[in-house]
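Below you'll find the structure, written out as structure tokens, and then a few comments.
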Number of protein chains: 2
Amino acid sequence: MNEQVSPLEAVWKASPYDGAREGLSLGRIVAAAITLADAEGLAAVSMSRVAKALGFTTMSLYRHVASKEELILHMQDVAVGPPPTTFDPAADEDWRTGVERWAWGTVERLRAHPWILQTLPILGPPATPNQLTWLEYGLRTLRATPLLEPEKLQVILLINAHVFGDATFHDAEVADDDSYETLFARYLDPGRFPAVIAAFSGGAFAEGPDPATDRDEQFRFGLERILDGVAQLIGSR
Amino acid sequence: MNEQVSPLEAVWKASPYDGAREGLSLGRIVAAAITLADAEGLAAVSMSRVAKALGFTTMSLYRHVASKEELILHMQDVAVGPPPTTFDPAADEDWRTGVERWAWGTVERLRAHPWILQTLPILGPPATPNQLTWLEYGLRTLRATPLLEPEKLQVILLINAHVFGDATFHDAEVADDDSYETLFARYLDPGRFPAVIAAFSGGAFAEGPDPATDRDEQFRFGLERILDGVAQLIGSR
DNA sequence: CCTCGACTGTGTATGTCATACACTTAGTAT
DNA sequence: ATACTAAGTGTATGACATACACAGTCGAGG
């Protein structure tokens, strides 16, 4: 644990998520918390439940973590994890190939731990070590491109927003599920919401045989639009 | 208040945010909660603080609202508000003009009540009456376009994601503020994060004389990329 | 070898929170 | 007037984050 340090800064200081082989350790605590969040959602993560899962008392956690907020930041960093080094774009690689690989990589991480979404309230710009490593790799895909530095950043952040959009949209859909269709059927006045009804009856909700593919397809569509737009700008330089 | 009804459904049933002139009412409760959230953030909204602000007891709120979750959904709906009717795109209007107007309208709403971001955990697809009205208007801007129905939806959702990205990125920047620069300076190893450093020293954080304009400029950049991509698809049909 | 201090884990206590439930009271319909 | 209903209250419960004081343990310096 650290004295007088902001939660964010604590995450940076911790870097090697070590594990002494016995007793508590930051690594163990964070791992237990992530397991809990994966299984029951972020709301299920309380100091006492995490401690119980490890067989320690609630207060023991505070020897390794200054606050719950810090714990959650650590969870986020570990759950995001470092990008595979194979994601580091080769110097001669086509930017678009690189960006696409990167984009799909980030979706995958977020889908693996959807509760990362709920941890957003804390955030702002990417700020955690692993998050920044992803950002670094993302920016590198645009290295050879004539875009200005701030433009590169905007492009990567835009794609990131799309990734979060995907996760947000498909999150509660799973949870609420039937209540959606029901709700829409019951309250969506065709006089007031003709376009919405048309869009949704086109099958955005009513997934086909393989919802995962459909979801991928939706993500791909948005991504291609973004990249087409970027390509156009690059081409104009 | 409603019996045996999901929080979301309760919001739909409530539609006219009425106000009996005395005593408590849903409208009054929601308004007080929004005032609180605007001033001190979503975290400051507790049943007891809202009640106190109105001069009633905590439990009195439960006569009008089934749970805190329902309250927050109501808050969200009211804070989002209906789109101005002038946003309803004219039939002969250029789609791009319409979409841009719509996009800027949504940013504006979100910026006025940034805590709406924190209410995301609850959500999923847009589902609240006013949210759906915005969606309806957004979709209408693409009415005359050769896009397929699900594609229109994807485009609007993509822009929406961009709006949330803008809000997310600039939210904590305000809150953490100096700690960001500090943190970056202290921990960002130029060996490991060359691209990040290049992108940020380009001035993404170090705002110019008018940060609002810079922020607008950043949003505009992403929006134009998206719309260029969409235009290209439309053109190819 | 002993002692001291640091580190790690514990137990108890406090204040906040959402919410259940039983109660009162006022207003309305018969 | 009586019975019913809606609105507001007060008290109680159980979860939670966290402060604080204490205890065991272990390694380093005498």
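Naming: A, B, ... by sequence-line order, numbering from 1 per chain. Side chains included, hydrogens not; waters and symmetry mates left out as well; all remaining heavy atoms used. As the structure is a computational prediction, the values presented were derived from the model and not from experiment.
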| message | Tell me whether the side-chain N/O atoms of A/H64 come closer than 4.0 Å to OP1 or OP2 in C/dC7. | response |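 The answer is no; no side-chain N or O of A/H64 sits under 4.0 Å from OP1 or OP2.
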- [ ] Please name all residues satisfying ring pair (Phe, Tyr, Trp, His ring centres under 6.0 Å) with B/Y187, sequence neighbours left out, ordered by chain then number.
- [x]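 Counting only residues at least two positions away or on another chain, B/Y187 forms a ring pair (Phe, Tyr, Trp, His ring centres under 6.0 Å) with A/W12.
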inquiry  = Holding to ring pair (Phe, Tyr, Trp, His ring centres under 6.0 Å), I want the full list of residues that pass it with B/F56, two or more places apart in sequence or in another chain.
reply    =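 So B/F56 forms no ring pair (Phe, Tyr, Trp, His ring centres under 6.0 Å) with any residue.
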Covered region of DNA chain D, 5' end to 3' end, by chain B [heavy atoms, under 4.0 Å] =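 Under 4.0 Å from chain B, the extent on DNA chain D is D/dA7 to D/dT11.
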Length of the [atom1]-[atom2] vector between [X] and [N], whole Å:
{"X": "A/R28", "N": "C/dG9", "atom1": "CZ", "atom2": "C1'", "value": "14 Å"}
{"X": "B/R63", "N": "C/dC21", "atom1": "CZ", "atom2": "P", "value": "12 Å"}
{"X": "A/M47", "N": "C/dG9", "atom1": "CE", "atom2": "P", "value": "13 Å"}
{"X": "B/K68", "N": "C/dT16", "atom1": "NZ", "atom2": "P", "value": "15 Å"}
{"X": "A/L24", "N": "C/dT8", "atom1": "CG", "atom2": "C1'", "value": "9 Å"}

_side-chain contact (heavy atoms from CB on, under 4.5 Å) between B/T133 and A/R192, worked out_ = CA-CA 8 Å; B/T133 308; A/R192 265 179 76 201; 3.7 Å; yes
inquiry  = Nearest 0.5 Å, please: how far is CD in A/E108 from NE2 in A/H113?
reply    =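 Rounded to the nearest 0.5 Å, the NE2-CD separation comes to 10.0 Å.
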### Task
Could you grab the distance from atom CE of A/M47 to atom NZ of A/K68, nearest 0.5 Å is fine?
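The NZ atom of A/K68 is 8.0 Å from CE of A/M47, to the nearest 0.5 Å.
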Review point. Of all of residues 35-45 of chain B, which get a heavy atom below 4.0 angstrom from DNA chain D, listed by number?
Key: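 Heavy-atom cutoff 4.0 Å gives no residues at all.
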Worksheet entry | Those residues of residues 53-60 of chain A lying under 4.0 Å from DNA chain D by at least one heavy atom |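 A/T58, A/M59, in order of number.
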Testing B/W104, B/W102, B/W134 one by one against B/F87 for a ring pair (Phe, Tyr, Trp, His ring centres under 6.0 Å), which residue passes?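 Exactly one pass, corresponding to B/W134.
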### Task
Sequence neighbours left out, what passes salt bridge (charged side-chain N to carboxylate O under 4.0 Å, His left out) with A/D88? Give chain and number order.
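Listed in chain order: A/R140.
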Less than 4.5 Å apart, side chain to side chain, heavy atoms only: is that true for A/I116 and A/Q76?
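Yes, their side chains come closer than 4.5 Å.
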Exercise for review: Determine, step by step, whether B/I29 and B/V50 satisfy the side-chain contact (heavy atoms from CB on, under 4.5 Å) criterion, reporting the C-alpha distance in whole Å, the side-chain angles of both residues, the deciding distance to 0.1 Å, and the verdict.
Suggested key: CA-CA 7 Å; B/I29 292 172; B/V50 172; 4.2 Å; yes
Distance-only donor-acceptor check, side chains A/H170 and A/Q218, under 3.5 Å
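Short answer, yes.
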Exercise. Do the side chain of A/E136 and the main chain of B/V196 share a donor and acceptor less than 3.5 angstrom apart?
Worked result: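 It does hold such a pair.
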